[in-house]
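This report refers to the structure that appears directly beneath it.
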There are 2 protein chains.
Amino acid sequence: MRTMRPLVHPSIEDITVEGILHALSDPVRAAIYAELSISSGATCSNFLKISDRDIPKSTLSQHFRALREAGLIRSERQGVEMRNSTRCEEINQRFPGLIMTIMKAHQIQAAERMRATKRKQGSGRSRVG
Amino acid sequence: MRTMRPLVHPSIEDITVEGILHALSDPVRAAIYAELSISSGATCSNFLKISDRDIPKSTLSQHFRALREAGLIRSERQGVEMRNSTRCEEINQRFPGLIMTIMKAHQIQAAERMRATKRKQGSGRSRVG
DNA sequence: TCTATAGTTCATAAGTTACGAACTACAGGA
DNA sequence: TCCTGTAGTTCGTAACTTATGAACTATAGA
């Protein structure tokens with residue numbers, strides 16, 4: 001029976017800007033990271049449904065791996081599940097403001113999209129579900 | 001004779017955070033953007049050599065297209081060449097601090113790498129070229 | 001030991017990127 | 001007008017990356 005390869009967490013000096021940007025340039029990963037920075041300790045399966053989209057378990061697992069190996073999150077096994085938390089304090093030491101500003105930009109964009117959707121719904125007058 | 005497709009510059013509201021992060025997650029594109037933000041008006045061919053690496057012309061052209069279509073730069077034909085400039089003021093309006101913080105992080109990383117290289121060279125004592 | 005739940009790995013299909021060769025675009029002569 | 005040189009783009013394809021289902025490992029609890 002083959003054993004599983006251990007989780008990889010780069011040390012803070014091995015984290016790269018390119019890696020961070022690439023990891024957060026994916027909307028699913030950005031959403032996961034945003035959620036984790038609010039409610040630390042969430043598991044992989046908490047994200048099987050993300051903004052009305054179904055993400056397969058194997059895909060999610062890869063996204064968590066990408067975030068982990070870019071140095072953005074830390075994952076720890078706790079019984080049968082995996083608890084995840086951000087490494088934002090560490091990263092903020094090394095690249096001040098980077099993560100915060102990126103997440104803020106994502107927020108601004110989400111708010112704009114929300115407004116755009118509302119406008120469209122409003123112009124349609126009393127939709128039928 | 002087939003005519004060439006015109007340059008695409010997204011309007012400011014069509015620029016996305018994902019697009020910006022993805023474009024700047026490539027080290028060549030980040031270097032191009034950094035250079036443009038210092039010396040506006042540089043052309044594509046100014047980057048055929050970038051930090052000791054030769055980049056083929058066709059690859060460079062694609063990198064400029066990526067930056068342009070992500071909304072990061074504006075390109076204008078001027079005679080036989082193409083003048084490029086950043087759209088940082090516009091983007092800064094929409095996503096305050098985003099570009100600046102990313103470029104700052106790239107700088108920090110470049111400075112660290114420089115120091116690491118110097119340490120290595122120093123420990124080797126009087127290399128031969 | 002059996003079962004259920006959580007997550008990973010692997011194979012591969014689908015998508016993206018890099019780059020040489022051939023092209024378009026323009027300027028400045030002849 | 002045609003020719004030549006320089007700047008940049010496009011296209012085909014090889015190399016790389018990402019998404020996903022099926023099969024797996026890992027752990028807890030009965």
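All heavy atoms count here, side chains included; hydrogens, waters and symmetry mates do not. Residue numbers begin at 1 in each chain, while the letters A, B, ... track the order of the sequences.
The CZ atom of B:Arg29 sits 13 Å away from the P atom of C:dT16 (whole-angstrom rounding). What separates CZ of A:Arg5 from C1' of C:dT9 is a distance of 9 Å, to the nearest Å. For the pair A:Arg83 CZ and C:dG7 P, the computed distance is 9 Å after rounding to whole Å. Atom NZ of A:Lys57 and atom P of D:dA19 are 18 Å apart (whole Å). Between the CD atom of B:Glu18 and the P atom of D:dT18 there is a distance of 16 Å, given to the nearest Å. Here C:dC26 presents its P atom at 13 Å from CD of B:Gln78, a figure rounded to the nearest Å. Distance B:Glu81 CD to D:dT9 P: 12 Å, rounded to the nearest Å. Between the P atom of C:dT12 and the CD atom of A:Gln62 lies a distance of 16 Å, rounded to the nearest Å.
Checked against D:dA19, D:dA7, C:dT8, the side chain of A:Met4 finds its nearest nucleotide in C:dT8. Residue B:Arg65 has its side chain nearest to D:dT10 when only D:dT10, D:dT9, C:dT8 are considered.
Using a 4.0 Å cut-off between charged side-chain N and carboxylate O, B:Arg5 and B:Glu69 make a salt bridge.
Inter-residue side-chain proximity for A:Glu18 and B:Asp26 is flagged as unmet; no heavy-atom pair is nearer than 4.5 Å. Put simply, the side chain of A:Asn92 does not reach to within 4.5 Å of the side chain of A:Ile99, judged on heavy atoms.
Residues A:Ser58 and A:Gln62 bring no donor and acceptor atom of their side chains to less than 3.5 Å of each other.
No hydrogens or angles were tested; on distance alone, nothing pairs the side chain of B:Ser61 with the base of D:dG8 as donor and acceptor under 3.5 Å.
Proximity of B:Thr59 to the phosphate of C:dC19: a side-chain N or O atom is located under 4.0 Å from OP1 or OP2. Regarding contacts with the backbone of C:dG7, every side-chain N or O of A:His63 stays at 4.0 angstrom or more from both OP1 and OP2. At least one side-chain nitrogen or oxygen of B:Thr3 sits closer than 4.0 Å to the OP1 or OP2 atom of C:dA25. For the OP1/OP2 pair of C:dT16 and a distance below 4.0 Å, the side-chain nitrogens and oxygens of A:His22 include no atom meeting the criterion. Between D:dT6 and B:Ser45, no contact under 4.0 Å exists linking OP1 or OP2 to a side-chain N or O.
Other residues, nucleotides and ligands contribute only 12 or fewer heavy atoms inside 6.0 Å of the CE atom of B:Met100.
If B:Val80 and A:Gly79 are placed on DNA chain D by their nearest nucleotide, the residue sitting closer to the 5' end is B:Val80. Looking at which nucleotide of DNA chain D each of A:Asp54 and B:Leu60 is closest to, the 5′-most match is held by B:Leu60.
Across all strands shown, B:Met82 has heavy atoms under 4.0 Å from sugar-phosphate atoms exclusively, and none from any base.
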